[in-house]
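What follows is one structure encoded as C-alpha coordinates, with my remarks underneath.
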Amino acid sequence: MIKKLYFLFFFCWAVAEGAAAQQTSSGQPYFIELHTGERVYARRLQYKSPVFKQNYFLLDDSLRYAPETVKYFQSPDGFFARLNAGRRYSDFAQREQPGRVSTYFVYRTDYSSYSPGIGVGMGGMGMGGYGYGYPTQRRVYYFSKDNGPLEPLTYKNLRVALSDNPGSIETLQQYKRGQNIRTGMYVVGAGLIIAGLQQQFNSGRNSGYSPLLFVGLGVSLLPQIIKLVKKDQLAHAIELYNYTPVE
(Lines give C-alpha, C1' and ligand atoms only; values in the text may rest on other atoms or scores of the structure.)
Protein backbone atom coordinates (compact mmCIF):
# COMPACT_ATOMS: atom_id res chain seq x y z
CA MET A 1 0.00 0.00 0.00
CA ILE A 2 2.82 2.39 0.91
CA LYS A 3 4.63 1.56 -2.33
CA LYS A 4 1.48 2.35 -4.34
CA LEU A 5 1.05 5.70 -2.58
CA TYR A 6 4.71 6.52 -3.18
CA PHE A 7 4.40 5.63 -6.86
CA LEU A 8 1.25 7.76 -7.19
CA PHE A 9 2.99 10.71 -5.52
CA PHE A 10 6.05 10.31 -7.76
CA PHE A 11 3.87 10.11 -10.89
CA CYS A 12 1.95 13.30 -9.99
CA TRP A 13 5.23 15.09 -9.22
CA ALA A 14 6.72 13.99 -12.55
CA VAL A 15 3.67 15.22 -14.48
CA ALA A 16 3.78 18.59 -12.69
CA GLU A 17 7.50 18.96 -13.28
CA GLY A 18 7.10 18.04 -16.93
CA ALA A 19 4.41 20.69 -17.41
CA ALA A 20 6.55 23.29 -15.63
CA ALA A 21 9.57 22.34 -17.72
CA GLN A 22 7.53 22.66 -20.91
CA GLN A 23 6.35 26.12 -19.86
CA THR A 24 9.90 27.14 -18.96
CA SER A 25 11.36 25.82 -22.20
CA SER A 26 8.90 27.82 -24.26
CA GLY A 27 9.32 30.82 -21.98
CA GLN A 28 6.69 32.77 -23.89
CA PRO A 29 3.37 32.74 -22.00
CA TYR A 30 1.83 35.76 -23.78
CA PHE A 31 0.85 36.39 -27.38
CA ILE A 32 -1.13 38.47 -29.84
CA GLU A 33 -3.09 36.93 -32.70
CA LEU A 34 -3.49 39.01 -35.83
CA HIS A 35 -6.50 39.06 -38.13
CA THR A 36 -4.43 37.00 -40.56
CA GLY A 37 -4.31 34.14 -38.02
CA GLU A 38 -0.63 34.62 -37.21
CA ARG A 39 0.34 34.40 -33.54
CA VAL A 40 3.29 36.29 -32.14
CA TYR A 41 4.52 35.04 -28.75
CA ALA A 42 6.38 37.07 -26.16
CA ARG A 43 7.72 36.91 -22.62
CA ARG A 44 6.49 40.44 -22.00
CA LEU A 45 3.39 42.12 -23.45
CA GLN A 46 2.29 45.71 -22.82
CA TYR A 47 -0.28 48.10 -24.21
CA LYS A 48 1.08 51.62 -24.70
CA SER A 49 -0.92 54.84 -25.02
CA PRO A 50 1.61 57.62 -25.68
CA VAL A 51 0.46 61.23 -25.69
CA PHE A 52 -0.18 62.62 -29.20
CA LYS A 53 0.83 59.29 -30.76
CA GLN A 54 -0.96 56.16 -31.90
CA ASN A 55 -1.54 53.41 -29.34
CA TYR A 56 0.28 50.12 -29.83
CA PHE A 57 1.07 46.71 -28.37
CA LEU A 58 4.70 46.30 -27.30
CA LEU A 59 6.15 42.78 -27.24
CA ASP A 60 9.43 42.04 -25.47
CA ASP A 61 10.21 45.77 -25.43
CA SER A 62 10.98 45.71 -29.16
CA LEU A 63 8.10 44.63 -31.43
CA ARG A 64 5.21 47.03 -32.03
CA TYR A 65 1.77 46.17 -33.41
CA ALA A 66 -1.11 48.54 -34.12
CA PRO A 67 -4.22 47.60 -32.09
CA GLU A 68 -6.46 47.44 -35.16
CA THR A 69 -4.36 44.54 -36.52
CA VAL A 70 -4.91 42.43 -33.38
CA LYS A 71 -7.85 40.02 -33.00
CA TYR A 72 -6.92 38.31 -29.72
CA PHE A 73 -4.23 38.70 -27.11
CA GLN A 74 -3.09 36.99 -23.93
CA SER A 75 -1.56 39.28 -21.30
CA PRO A 76 -0.84 39.06 -17.56
CA ASP A 77 -4.43 40.24 -17.03
CA GLY A 78 -6.00 37.39 -19.00
CA PHE A 79 -7.31 36.56 -22.48
CA PHE A 80 -8.95 39.30 -24.56
CA ALA A 81 -10.91 39.30 -27.82
CA ARG A 82 -11.70 42.18 -30.15
CA LEU A 83 -15.08 43.76 -29.62
CA ASN A 84 -14.92 46.96 -31.68
CA ALA A 85 -12.84 48.04 -34.65
CA GLY A 86 -11.08 50.93 -32.92
CA ARG A 87 -7.59 51.51 -31.55
CA ARG A 88 -8.26 51.62 -27.81
CA TYR A 89 -7.70 49.07 -25.06
CA SER A 90 -11.43 49.20 -24.31
CA ASP A 91 -12.10 47.85 -27.80
CA PHE A 92 -11.19 44.41 -26.39
CA ALA A 93 -13.34 42.33 -24.01
CA GLN A 94 -11.84 40.12 -21.32
CA ARG A 95 -12.78 36.46 -21.28
CA GLU A 96 -14.47 35.35 -18.06
CA GLN A 97 -15.38 31.73 -18.82
CA PRO A 98 -13.87 29.67 -21.67
CA GLY A 99 -15.79 26.96 -23.50
CA ARG A 100 -17.53 26.23 -26.74
CA VAL A 101 -19.59 29.25 -25.77
CA SER A 102 -17.21 31.63 -24.01
CA THR A 103 -18.34 34.64 -22.00
CA TYR A 104 -16.59 38.03 -22.04
CA PHE A 105 -17.07 41.36 -20.32
CA VAL A 106 -16.03 44.98 -20.53
CA TYR A 107 -16.29 47.71 -17.93
CA ARG A 108 -18.49 50.69 -18.71
CA THR A 109 -18.60 53.87 -16.66
CA ASP A 110 -21.89 55.69 -16.10
CA TYR A 111 -22.35 59.15 -14.61
CA SER A 112 -25.47 59.34 -12.49
CA SER A 113 -27.86 62.28 -12.21
CA TYR A 114 -31.04 62.97 -10.28
CA SER A 115 -32.67 59.81 -11.56
CA PRO A 116 -32.42 56.08 -10.91
CA GLY A 117 -29.69 54.25 -12.80
CA ILE A 118 -30.29 51.00 -14.62
CA GLY A 119 -27.54 48.46 -15.26
CA VAL A 120 -27.72 45.48 -17.60
CA GLY A 121 -25.64 42.35 -17.03
CA MET A 122 -25.85 38.59 -17.26
CA GLY A 123 -28.69 38.55 -14.76
CA GLY A 124 -30.84 41.12 -16.55
CA MET A 125 -31.68 44.63 -15.34
CA GLY A 126 -30.90 46.15 -11.97
CA MET A 127 -32.05 49.43 -10.47
CA GLY A 128 -29.51 51.88 -9.09
CA GLY A 129 -29.90 54.72 -6.61
CA TYR A 130 -30.09 58.47 -6.81
CA GLY A 131 -26.96 60.56 -7.15
CA TYR A 132 -25.41 63.50 -8.89
CA GLY A 133 -22.27 63.43 -10.98
CA TYR A 134 -20.73 60.30 -9.42
CA PRO A 135 -19.26 57.72 -11.81
CA THR A 136 -20.37 54.12 -11.38
CA GLN A 137 -18.73 51.17 -13.10
CA ARG A 138 -20.57 48.11 -14.34
CA ARG A 139 -19.82 45.02 -16.37
CA VAL A 140 -21.41 44.55 -19.78
CA TYR A 141 -21.38 40.93 -20.96
CA TYR A 142 -20.83 39.35 -24.37
CA PHE A 143 -20.38 35.82 -25.65
CA SER A 144 -18.69 34.01 -28.49
CA LYS A 145 -19.69 30.64 -29.95
CA ASP A 146 -16.97 28.46 -31.50
CA ASN A 147 -14.51 31.39 -31.51
CA GLY A 148 -16.87 33.48 -33.61
CA PRO A 149 -17.45 37.23 -33.26
CA LEU A 150 -18.59 38.61 -29.91
CA GLU A 151 -22.31 39.26 -29.47
CA PRO A 152 -24.20 40.98 -26.64
CA LEU A 153 -25.22 38.42 -24.03
CA THR A 154 -28.99 38.66 -24.26
CA TYR A 155 -31.87 36.22 -24.17
CA LYS A 156 -32.60 36.80 -27.86
CA ASN A 157 -29.02 36.17 -29.01
CA LEU A 158 -28.55 33.13 -26.77
CA ARG A 159 -31.78 31.56 -27.98
CA VAL A 160 -30.36 31.49 -31.51
CA ALA A 161 -26.86 30.37 -30.50
CA LEU A 162 -28.01 27.58 -28.14
CA SER A 163 -30.94 26.38 -30.24
CA ASP A 164 -29.38 22.94 -30.83
CA ASN A 165 -29.39 22.10 -27.10
CA PRO A 166 -32.84 21.30 -25.60
CA GLY A 167 -31.65 21.70 -22.00
CA SER A 168 -30.31 25.18 -22.69
CA ILE A 169 -33.50 26.21 -24.49
CA GLU A 170 -35.64 25.03 -21.57
CA THR A 171 -33.50 27.06 -19.17
CA LEU A 172 -33.85 30.13 -21.40
CA GLN A 173 -37.62 29.69 -21.44
CA GLN A 174 -37.62 29.61 -17.64
CA TYR A 175 -35.56 32.81 -17.68
CA LYS A 176 -38.07 34.49 -20.02
CA ARG A 177 -41.01 33.50 -17.83
CA GLY A 178 -39.20 34.82 -14.77
CA GLN A 179 -38.46 38.11 -16.55
CA ASN A 180 -42.15 38.52 -17.44
CA ILE A 181 -43.17 37.85 -13.84
CA ARG A 182 -40.63 40.35 -12.49
CA THR A 183 -41.74 42.98 -14.99
CA GLY A 184 -45.33 42.44 -13.85
CA MET A 185 -44.22 42.90 -10.23
CA TYR A 186 -42.57 46.22 -11.11
CA VAL A 187 -45.77 47.41 -12.82
CA VAL A 188 -48.00 46.32 -9.93
CA GLY A 189 -45.64 47.84 -7.37
CA ALA A 190 -45.50 51.16 -9.23
CA GLY A 191 -49.30 51.20 -9.49
CA LEU A 192 -49.69 50.61 -5.75
CA ILE A 193 -47.21 53.36 -4.95
CA ILE A 194 -49.05 55.83 -7.19
CA ALA A 195 -52.38 54.82 -5.62
CA GLY A 196 -50.87 55.23 -2.17
CA LEU A 197 -49.54 58.69 -2.97
CA GLN A 198 -52.91 59.72 -4.36
CA GLN A 199 -54.67 58.38 -1.27
CA GLN A 200 -52.14 60.21 0.93
CA PHE A 201 -52.72 63.46 -0.92
CA ASN A 202 -56.52 63.18 -0.74
CA SER A 203 -56.60 62.29 2.97
CA GLY A 204 -54.32 65.12 4.11
CA ARG A 205 -50.82 65.28 5.58
CA ASN A 206 -51.69 64.40 9.18
CA SER A 207 -53.46 61.12 8.51
CA GLY A 208 -50.28 58.98 8.42
CA TYR A 209 -48.76 57.10 5.54
CA SER A 210 -51.00 55.05 3.31
CA PRO A 211 -50.49 51.26 3.65
CA LEU A 212 -50.50 51.07 -0.15
CA LEU A 213 -47.14 52.84 -0.18
CA PHE A 214 -45.48 50.11 1.89
CA VAL A 215 -47.20 47.32 -0.03
CA GLY A 216 -46.08 48.87 -3.32
CA LEU A 217 -42.49 49.24 -2.13
CA GLY A 218 -42.49 45.61 -0.98
CA VAL A 219 -43.81 44.34 -4.31
CA SER A 220 -41.25 46.46 -6.19
CA LEU A 221 -38.38 45.01 -4.12
CA LEU A 222 -39.43 41.38 -4.61
CA PRO A 223 -37.85 41.03 -8.09
CA GLN A 224 -34.48 42.15 -6.74
CA ILE A 225 -34.69 39.71 -3.84
CA ILE A 226 -35.60 36.87 -6.20
CA LYS A 227 -32.69 37.81 -8.44
CA LEU A 228 -30.24 37.62 -5.50
CA VAL A 229 -31.30 34.17 -4.30
CA LYS A 230 -31.95 32.50 -7.68
CA LYS A 231 -29.26 31.10 -9.95
CA ASP A 232 -28.51 33.16 -13.05
CA GLN A 233 -30.34 31.22 -15.74
CA LEU A 234 -28.50 32.78 -18.68
CA ALA A 235 -25.20 31.57 -17.25
CA HIS A 236 -26.79 28.19 -16.46
CA ALA A 237 -27.98 27.80 -20.05
CA ILE A 238 -24.41 28.38 -21.25
CA GLU A 239 -23.03 25.88 -18.72
CA LEU A 240 -25.48 23.22 -19.93
CA TYR A 241 -24.42 23.85 -23.52
CA ASN A 242 -20.69 23.66 -22.74
CA TYR A 243 -20.93 20.48 -20.67
CA THR A 244 -23.32 18.58 -22.94
CA PRO A 245 -21.34 16.08 -25.08
CA VAL A 246 -21.33 16.91 -28.79
CA GLU A 247 -22.79 14.05 -30.83
Side-chain angles (χ1 to χ4, degrees), residues 15-108 120-122 139-165 168-169 172 234-235 237-247:
V15 171
E17 286 295 311
Q22 185 177 4
Q23 174 67 24
T24 304
S25 62
S26 65
Q28 297 176 319
Y30 310 124
F31 65 85
I32 62 170
E33 182 172 323
L34 307 179
H35 290 287
T36 59
E38 177 188 1
R39 277 195 178 186
V40 183
Y41 290 88
R43 295 181 179 87
R44 179 179 171 86
L45 189 151
Q46 299 171 284
Y47 184 84
K48 297 291 187 178
S49 300
V51 180
F52 304 123
K53 292 184 179 180
Q54 182 179 345
N55 302 334
Y56 60 90
F57 285 96
L58 181 64
L59 281 64
D60 289 335
D61 300 320
S62 59
L63 300 176
R64 296 188 180 190
Y65 289 87
E68 59 268 26
T69 65
V70 177
K71 186 177 181 181
Y72 305 108
F73 71 90
Q74 176 79 40
S75 75
D77 296 323
F79 181 85
F80 294 78
R82 175 165 290 284
L83 177 62
N84 301 316
R87 300 177 176 180
R88 301 170 301 175
Y89 191 82
S90 58
D91 292 319
F92 294 88
Q94 183 174 358
R95 186 172 64 188
E96 182 178 69
Q97 186 65 39
R100 187 182 173 193
V101 174
S102 299
T103 56
Y104 294 79
F105 68 89
V106 294
Y107 285 106
R108 295 289 184 242
V120 180
M122 286 188 71
R139 284 186 177 187
V140 179
Y141 283 89
Y142 298 85
F143 75 94
S144 171
K145 180 180 178 181
D146 296 332
N147 295 322
L150 270 61
E151 300 181 58
L153 200 154
T154 63
Y155 164 81
K156 183 178 180 181
N157 290 339
L158 282 179
R159 186 170 178 83
V160 175
L162 311 183
S163 60
D164 55 339
N165 186 293
S168 297
I169 291 299
L172 289 176
L234 293 184
I238 294 174
E239 290 175 3
L240 285 174
Y241 193 88
N242 285 338
Y243 291 103
T244 300
V246 179
E247 296 182 358

Of the non-hydrogen atoms in Ser168 and Ala237, which two are nearest, and what is the gap between them?
OG-O, 2.8 Å

At what distance, to the nearest 0.5 angstrom, does CG of Leu158 lie from CD1 of Ile238?
5.0 Å

State which residues pass side chain to side chain contact (heavy atoms under 4.5 Å, CB included) with Asn55; sequence neighbours excluded, sorted by chain then number.
Tyr47, Ser49, Pro50, Pro67

Pairwise distance CG(Leu45) to CG(Leu58) - rounded to 0.5 angstrom
8.0 Å

Identify, with sequence neighbours excluded, every residue that meets side chain to side chain contact (heavy atoms under 4.5 Å, CB included) alongside Thr36.
Leu34, Glu38

Identified ring-ring contact (aromatic ring centres under 6.0 Å, His included) partner of Phe73 from the options Tyr65, Phe57, Tyr41
Phe57

Where do Pro29 and Arg43 come nearest, in terms of heavy atoms and distance?
CD-CA, 4.1 Å

Does Phe92 reach the side chain of Val70, with side-chain heavy atoms less than 4.5 Å apart?
yes

So do Ile32 and Arg39 actually touch side chain to side chain, heavy atoms under 4.5 Å?
no

Return the orientation label for the Tyr104 and Phe79 ring planes: parallel under 30°, perpendicular over 60°, tilted otherwise.
tilted

Would you say the side chain of Asn147 lies within less than 4.5 Å of the side chain of Tyr72, judging by non-hydrogen atoms?
yes

So, for Phe143 and Ala161, which heavy atoms are closest and what is the spacing to 0.1 Å?
CE1-CB, 3.7 Å

Would you mind listing every salt bridge (charged side-chain N to carboxylate O under 4.0 Å, His left out) that reaches into residues 75-93, with sequence neighbours excluded?
Glu68-Arg87, Arg88-Asp91

Write down the atom of Val101, the atom of Asn242, and the distance for their closest heavy-atom approach.
N-OD1, 2.8 Å

What is the minimum heavy-atom distance between Ser75 and Phe80, and which atoms define it?
OG-CE1, 3.7 Å

Any side-chain heavy atom of Tyr30 within less than 4.5 Å of one from Leu59?
no

Qualifying residues under side chain to side chain contact (heavy atoms under 4.5 Å, CB included), relative to Lys71, sequence neighbours excluded
His35

Test: salt bridge (charged side-chain N to carboxylate O under 4.0 Å, His left out). Region: residues 44-57. Which pairs qualify, not counting sequence neighbours?
Arg44-Asp61

Could you list the residues that satisfy side chain to side chain contact (heavy atoms under 4.5 Å, CB included) with Arg159, not counting sequence neighbours?
Tyr155, Ile169, Leu172, Gln173

What distance do Leu150 atom CG and Arg95 atom CZ have between them, rounded to the nearest 0.5 Å?
11.0 Å

CG of Leu83 to OG of Ser90, rounded to nearest 0.5 Å, is 9.0 Å

Could you tell me the separation between the OH atom of Tyr243 and the CZ atom of Arg100, rounded to the nearest 0.5 Å?
14.5 Å

Could you walk me through whether Tyr107 and Phe105 pass the ring pair (Phe, Tyr, Trp, His ring centres under 6.0 Å) check?
CA-CA 7 Å; Tyr107 285 106; Phe105 68 89; 5.5 Å; yes

Within this structure, what is the CD-OG1 distance for the pair Glu33 and Thr69, rounded to the nearest 0.5 Å?
11.5 Å

